[in-house]
Amino acid sequence: MNYLFGLIGHPVGHSLSPWIHEHFFEQSNIKGIYRAIPTPMDELDQIISGLRFINIDGFNVTVPYKEKIISYLDEMDPYAEKMGAVNTVKKQDGKWIGYNTDGRGYLRSLMSEYPHLKEDTAVPILILGAGGAARGIYRALIEAGFSHIDIANRTITKAEALLKLQEPNVKTTIKTLTEMTKSTADYSLIIQTSSVGMKPNIENQIIQLDKLSTNTVVSDIVYQPIKTKFLQSAEENGGHIHHGHGMLLHQAALAFEIWTGHRVKVDNLVNKLEQRLRGDKKC
Ligand code: ATR
């Protein structure tokens with residue numbers, strides 16, 4: 001079978017997803033193509049009709065359509081329904097089913113680098129930011145059994161909105177970014193989910209880390225630059241770091257699994273992607 005996959009979003013011209021999925025096809029000996037489809041808002045309806053017409057087997061959805069796509073779907077996977085956002089659509093028995101692999105992809109990436117984190121689900125965790133990415137990560141941590149997850153955000157009401165995803169066995173306190181700067185030592189894992197520090201604003205850092213305790217794992221979902229100022233500062237203060245590009249690979253791998261039923265390995269791609277992000281086009 002020749003699969004046909006795509007990506008809708010705006011802008012998607014520089015997306016790395018086609019490159020990632022080409023590697024997955026090659027690695028798993030599955031034939032198919034994956035194309036980024038630039039989708040301006042006024043062409044969304046037309047492009048969606050086109051995808052139905054060409055009988056696309058599956059597609060990814062990125063900014064700004066992760067919520068908007070839901071009205072075009074026939075069914076939702078329960079996890080995506082809880083998230084209220086979809087990044088992967090699969091055609092099954094003629095129906096379009098919505099999934100979300102962002103949070104779970106993030107967690108797979110983190111656990112593949114720091115498997116010891118699975119051993120104690122009571123460790124205190126801090127999420128910085130409260131947007132779509134934070135929602136996915138918060139929920140994936142809860143599903144994985146973690147029971148103490150605090151959230152700090154610039155806008156407190158936005159952080160409070162995440163509490164809709166909380167379960168009774170999970171303790172979550174909402175904090176301000178300012179108070180967090182003094183309390184980073186209280187956490188074993190700190191996850192930066194905002195766009196702060198992303199190119200071209202590489203000098204920005206969401207909170208200071210000079211009170212970090214050694215051995216804290218500090219994670220940043222920003223992957224351009226590969227090592228953000230936040231991660232540099234974490235290293236300087238004795239933390240262990242987790243880069244953002246792993247999430248990109250693992251969310252793609254989970255989408256590929258949903259579409260083809262084939263589990264792909266991403267370990268060999270992590271370095272290649274890192275080189276590519278550093279500007280080496282040969283990879
Ligand atoms: P995404 O869906 O990619 O997570 P988003 O929904 O726009 O993006 O959320 C971005 C997050 O980054 C938000 O938590 C935002 O804080 P606010 O809720 O206060 O807007 C946070 N963020 C963005 N720029 C920021 C900045 N300069 N300082 C602190 N937080 C910032």
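We count ligands from 1, going down the list as the structure has it; atoms in each ligand are counted the same way.
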Protein non-hydrogen atoms only, distance under 4.0 Å: does atom 3 (O) of ligand 1 have such a neighbour?
no
With a 6.0 Å cut-off (strictly less than), is the heavy-atom count around CD of Glu26, excluding the residue itself, greater than 12?
no
Per-atom filter on ligand 1: closer than 4.0 angstrom to a heavy atom of Ala133 are 1 (P), 2 (O), 4 (O)
Per-residue contact class, Thr155 against ligand 1 - non-hydrogen pairs under 4.0 Å
both
Side chain to side chain donor-acceptor pair (under 3.5 Å) pairs touching residues 243-253, sequence neighbours excluded, are Asn87-Gln251
Decide yes or no for Asn100 and Asp77: does some side-chain heavy atom of the first lie under 4.5 Å from some side-chain heavy atom of the second?
no
Salt bridge (Lys or Arg N to Asp or Glu O under 4.0 Å): pairs with one or both residues in residues 107-129, sequence neighbours excluded
Arg108-Glu257
When only distance counts, is Ala134 in polar contact with ligand 1, meaning an N/O pair under 3.5 Å?
no
Can you tell which of Asn153, Val63, Ile151 gets a heavy atom nearest to atom 15 (C) of ligand 1?
Asn153
Step-by-step ring pair (Phe, Tyr, Trp, His ring centres under 6.0 Å) determination, His242 to Tyr106:
CA-CA 10 Å; His242 172 247; Tyr106 170 80; 5.6 Å; yes
Under-4.0 Å salt bridge between Asp74 and Arg52:
yes
Where on Arg154 is there a heavy atom closer than 4.0 Å to ligand 1, on the side chain, on the backbone, on both, or on neither?
both
Using the ring pair (Phe, Tyr, Trp, His ring centres under 6.0 Å) rule, pick out the option among Phe5, Phe24, Tyr99 that qualifies with Trp259.
Phe5
Atom 11 (C) of ligand 1: the protein heavy-atom neighbour that sits closest, reported with distance to 0.1 Å
Ser194 CB, 4.0 Å
Give the residue, atom name and distance (to 0.1 Å) of the protein heavy atom nearest atom 5 (P) of ligand 1.
Gly131 CA, 3.9 Å
Within the structure, does Gly132 bring an N/O atom to less than 3.5 angstrom of an N/O atom in ligand 1?
yes
Indicate yes or no: does an N/O atom of Val196 lie under 3.5 Å from an N/O atom of ligand 1?
no
Interfacing atoms of ligand 1 (cut-off 4.0 Å, heavy-atom, Gly129):
14 (O)
State which residue, out of Trp96, Tyr3, Tyr34, fulfils the ring pair (Phe, Tyr, Trp, His ring centres under 6.0 Å) condition with Phe59.
Trp96
Quick check on atom 7 (O) of ligand 1 - does any protein heavy atom sit closer than 4.0 Å to it?
no
